[in-house]
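Numbers restart at 1 for each chain; the letters A, B, ... are given by sequence-line order, proteins then strands. Values below: every heavy atom of this structure, side chains too, minus hydrogens, waters and symmetry copies.
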There are 2 protein chains.
Amino acid sequence: MSNHNILIIDDEPQIRKLLEITLETNDYSVIQAETGKMGISLAANYNPDLILLDIELPDKNGQQILTELRQWYNKAIIMLSVLSNEEEIVKALDNGATDYLSKPFRTAELLARIRNAIKRNDLPNTNSILIFNDISIDLVARIVKRNDEILKLTTTEYNVLVLLAKNEGRVLTQQFILKEVWGVGSQTEAQYLRVFVGTLRKKIEENPAKPTHIITENGIGYRFH
Amino acid sequence: MSNHNILIIDDEPQIRKLLEITLETNDYSVIQAETGKMGISLAANYNPDLILLDIELPDKNGQQILTELRQWYNKAIIMLSVLSNEEEIVKALDNGATDYLSKPFRTAELLARIRNAIKRNDLPNTNSILIFNDISIDLVARIVKRNDEILKLTTTEYNVLVLLAKNEGRVLTQQFILKEVWGVGSQTEAQYLRVFVGTLRKKIEENPAKPTHIITENGIGYRFH
DNA sequence: ATTAGTCTTTACAAAATCTTTATACACTTC
DNA sequence: GAAGTGTATAAAGATTTTGTAAAGACTAAT
């Protein structure tokens with residue numbers, strides 16, 4: 001019936017086995033990852049309809065994995081944890097988790113919450129690679145290419161570029177970009193942004209003096225195309 | 001800041017009071033209903049952004065209310081209950097509840113789950129685009145097009161155009177436009193406005209000498225069509 | 001401690017926009 | 001049709017905003 005695809009990211013084999021059996025008897029197809037790193041890689045390759053993400057992982061904290069996934073993955077993510085710590089729950093939900101379930105969970109509730117979460121997936125398409133003519137941005141690998149040539153961008157340059165690219169066609173005000181990239185404290189430092197737009201243009205534009213990707217909207221901000 | 005509207009449906013006054021205080025200190029505006037029937041009526045009249053629905057109600061069962069609301073109400077509904085009964089949870093979620101929380105709930109978690117639920121409402125809240133024959137104005141993206149070609153407008157030009165377009169068909173006096181765009185200090189500087197109407201017409205009119213969009217109302221001001 | 005890489009800050013040049021002035025045109029009123 | 005009032009257009013400074021280079025500050029790794 002459903003044939004939805006679920007990715008389990010959990011380091012405990014017995015939990016994975018339990019989930020696998022439960023989900024497969026309910027017509028989900030299941031893929032599994034033992035570590036966060038492996039989970040991100042599988043998510044990028046298989047684009048599952050839902051991810052069950054354990055908070056306690058051997059390599060990275062589950063919250064970190066959640067944040068990384070949410071850079072590009074916008075389908076459902078349900079967090080699982082033995083921690084019923086309120087702070088963790090709030091953090092997970094604010095970081096973009098669809099739901100949060102404490103272990104040991106009850107099977108029927110888990111299944112109901114999975115159904116509920118998948119139901120809301122019919123939203124915008126998720127894509128881990130953004131392409132604009134000669135520029136491509138791989139959000140998973142954090143690699144930006146121009147005509148198949150890998151560009152070397154600093155962290156800040158990359159953050160500015162991704163923010164603009166994700167809002168293709170929309171004018172973003174300088175204040176908004178500053179707030180998103182530098183934080184609320186730096187909204188008046190418009191000069192930072194000018195410098196970084198300058199270096200970005202040198203790297204991604206054919207002719208930096210006549211930009212075709214990062215367009216200046218005088219008096220307001222910038223627009224990506 | 002948020003100013004989202006939340007409807008509480010619960011028969012216990014002390015719970016309502018507690019929720020009211022919690023929500024209002026977090027910048028939500030709150031309306032309350034004691035019974036399911038009253039809740040449905042308030043939901044219809046106020047179209048709140050989220051409904052907190054208790055499962056135990058004097059007149060009808062909360063599950064029933066949920067089903068009735070879901071016939072037409074498609075924003076978030078969070079169920080509250082002292083029953084941590086798995087069957088109830090599964091039923092509620094399958095009946096269309098956005099989330100289910102057992103009482104006594106923890107405040108921070110409740111607030112996080114409310115934020116999470118409201119966030120999903122806001123997604124399809126995208127474009128408001130004004131269209132007038134060959135001219136379209138996307139207020140969110142801040143982009144003006146003429147026959148699918150993006151026009152480059154300065155800040156002031158854009159402000160004047162949007163003000164006129166939002167009041168399509170209505171005559172706006174020069175003083176009013178000056179006040180709105182330049183501020184109260186410049187209401188006598190009618191010449192500014194003439195210059196900007198001139199440049200705007202050059203950009204948006206087929207024949208700027210015979211304008212069809214920005215019409216002069218002699219002695220009064222301008223009208224957009 | 002040194003170095004390489006990056007970010008912040010300063011200074012100035014370049015571009016775009018706004019304001020102001022000048023003048024021409026259009027419309028009403030007598 | 002002439003005078004007077006209001007409107008349109010062009011073009012000149014004046015001002016603001018943006019772009020670029022480069023020096024100084026910071027950070028992390030060796």
Side-chain angles (χ1 to χ4, degrees), chain A residues 142 144 150-161 163-164 171-183 185-224, chain B residues 142 144 150-164 171-224:
Chain A
R142 290 180 80 97
V144 179
I150 294 178
L151 299 181
K152 201 161 155 44
L153 299 187
T154 71
T155 317
T156 310
E157 285 166 3
Y158 178 81
N159 291 340
V160 172
L161 178 62
L163 181 64
L164 286 165
V171 179
L172 302 182
T173 65
Q174 297 178 348
Q175 286 86 337
F176 177 79
I177 300 171
L178 286 164
K179 192 184 75 188
E180 292 292 315
V181 176
W182 279 267
S186 308
Q187 287 182 61
T188 52
E189 306 288 353
Q191 181 57 21
Y192 293 4
L193 182 53
R194 283 186 209 112
V195 172
F196 279 89
V197 166
T199 62
L200 262 178
R201 278 176 174 157
K202 267 193 215 146
K203 293 180 179 178
I204 69 170
E205 299 282 0
E206 186 123 17
N207 176 2
K210 286 204 177 0
T212 62
H213 286 299
I214 303 181
I215 314 274
T216 302
E217 294 287 343
N218 241 288
I220 306 286
Y222 297 90
R223 179 165 52 85
F224 193 84
Chain B
R142 200 193 163 281
V144 180
I150 293 179
L151 299 180
K152 206 161 160 39
L153 300 186
T154 71
T155 317
T156 311
E157 285 165 3
Y158 178 81
N159 291 340
V160 172
L161 178 62
V162 167
L163 182 64
L164 286 165
V171 180
L172 302 183
T173 65
Q174 296 179 349
Q175 285 84 342
F176 177 77
I177 300 172
L178 286 164
K179 192 184 74 186
E180 292 293 314
V181 176
W182 279 266
V184 278
S186 308
Q187 288 182 61
T188 53
E189 306 287 353
Q191 180 55 20
Y192 293 3
L193 182 53
R194 290 196 196 101
V195 172
F196 279 90
V197 167
T199 63
L200 260 179
R201 279 175 174 157
K202 267 193 215 146
K203 292 180 180 179
I204 69 171
E205 300 283 0
E206 186 123 17
N207 177 2
K210 287 204 179 359
T212 62
H213 285 299
I214 302 181
I215 315 277
T216 302
E217 294 287 346
N218 241 290
I220 304 176
Y222 297 91
R223 181 165 51 86
F224 193 84

Practice task
Please confirm whether any donor atom in the side chain of B:Gln191 sits under 3.5 Å from an acceptor in the base of D:dT9, or the reverse.
Solution key: yes
Practice task
Find the distance A:Tyr158:OH to C:dT6:P and express it as a whole number of Å.
Solution key: 16 Å
Practice task
Look at all strands and tell whether A:Val197 reaches a base, only sugar-phosphate, or nothing, counting heavy atoms closer than 4.0 Å.
Solution key: nothing
Practice task
Please report the shortest heavy-atom distance between A:Arg142 and A:Asn159, naming the atom on each side.
Solution key: NH2-OD1, 3.8 Å
Handout entry: Integer-rounded Å distance: C:dG5 P and A:Leu153 CG
Key = 15 Å
Fill in the blank from the handout: side-chain contact (heavy atoms from CB on, under 4.5 Å) test vs B:Tyr222 passes for just one of B:Leu163, B:Leu172, B:Val171, B:Leu164, namely B:Leu164
Exercise for the section: When you get a sec, tell me which of D:dT7, C:dT17, C:dC18 is the closest nucleotide to the side chain of B:Thr156? Expected result: C:dC18
Problem - Any B:Thr154 side-chain N or O less than 4.0 Å from OP1/OP2 of C:dT17 - result: no
Fill in the blank from the handout: Among the nucleotides D:dT18, D:dG6, C:dT19, whichever has the atom closest to the side chain of B:Phe196 is C:dT19
Practice task
Answer yes or no: does a side-chain N or O of B:Tyr192 lie under 4.0 Å from OP1 or OP2 of C:dC18?
Solution key: no
Exercise for the section: Please report, rounded to the nearest Å, how far the P atom of D:dG19 is from the CD atom of A:Glu205. Expected result: 11 Å
Exercise for the section: Would you indicate, yes or no, if D:dG19 has its OP1 or OP2 atom less than 4.0 angstrom from a side-chain nitrogen or oxygen of A:Arg201? Expected result: yes
Practice task
From the options D:dT9, C:dC7, C:dT20, select the nucleotide whose nearest atom is closest to the side chain of A:Thr155.
Solution key: C:dC7
Handout entry: Side-chain (B:Glu205) to main-chain (B:Thr212) donor-acceptor, under 3.5 angstrom
Key = yes
Problem - Separation of D:dA8 P from B:Leu200 CG (nearest whole Å) - result: 13 Å
Problem - Side-chain N or O of A:Trp182 closer than 4.0 Å to phosphate OP1/OP2 of C:dC7 - result: no
Practice task
Write down the distance between CD (B:Glu217) and C1' (D:dG6), rounded to a whole number of angstrom.
Solution key: 14 Å
Practice task
Give one of base, sugar-phosphate or nothing for B:Lys152, where a contact means two heavy atoms less than 4.0 Å apart.
Solution key: nothing
Practice task
Rounded off to whole Å, could you give me the CD-to-C1' distance for the A:Glu157 and C:dT6 pair?
Solution key: 9 Å
Exercise for the section: Check whether any side-chain N or O of B:Lys202 sits under 3.5 Å from a backbone N or O of B:Pro208 as a donor-acceptor pair, and report yes or no. Expected result: no
Handout entry: Short side-chain N/O contact to D:dT18 OP1/OP2 from A:Arg194, under 4.0 Å
Key = yes
Handout entry: Non-hydrogen side-chain atoms of A:Phe224 and A:Ile215 separated by less than 4.5 Å
Key = no
Problem - Length of the CG-P vector between B:Leu178 and C:dC18, whole Å - result: 14 Å
Handout entry: Closest listed nucleotide, where the reference is the side chain of A:Thr216 and the choices are C:dT19, D:dG19, C:dT8
Key = D:dG19
Handout entry: A:Gln174 side-chain N/O to D:dT18 phosphate OP1/OP2 under 4.0 Å
Key = yes
Exercise for the section: Measure the distance from CD1 on A:Ile220 to P on C:dA15 and round it to the nearest whole Å. Expected result: 22 Å
Handout entry: Contact check, side chains of A:Val181 and A:Leu193, non-hydrogen atoms, under 4.5 Å
Key = no
Exercise for the section: Please tell me which of A:Lys202 and A:Ala190 maps to the more 5' nucleotide of DNA chain D, matching each residue to the nucleotide holding its nearest heavy atom. Expected result: A:Ala190
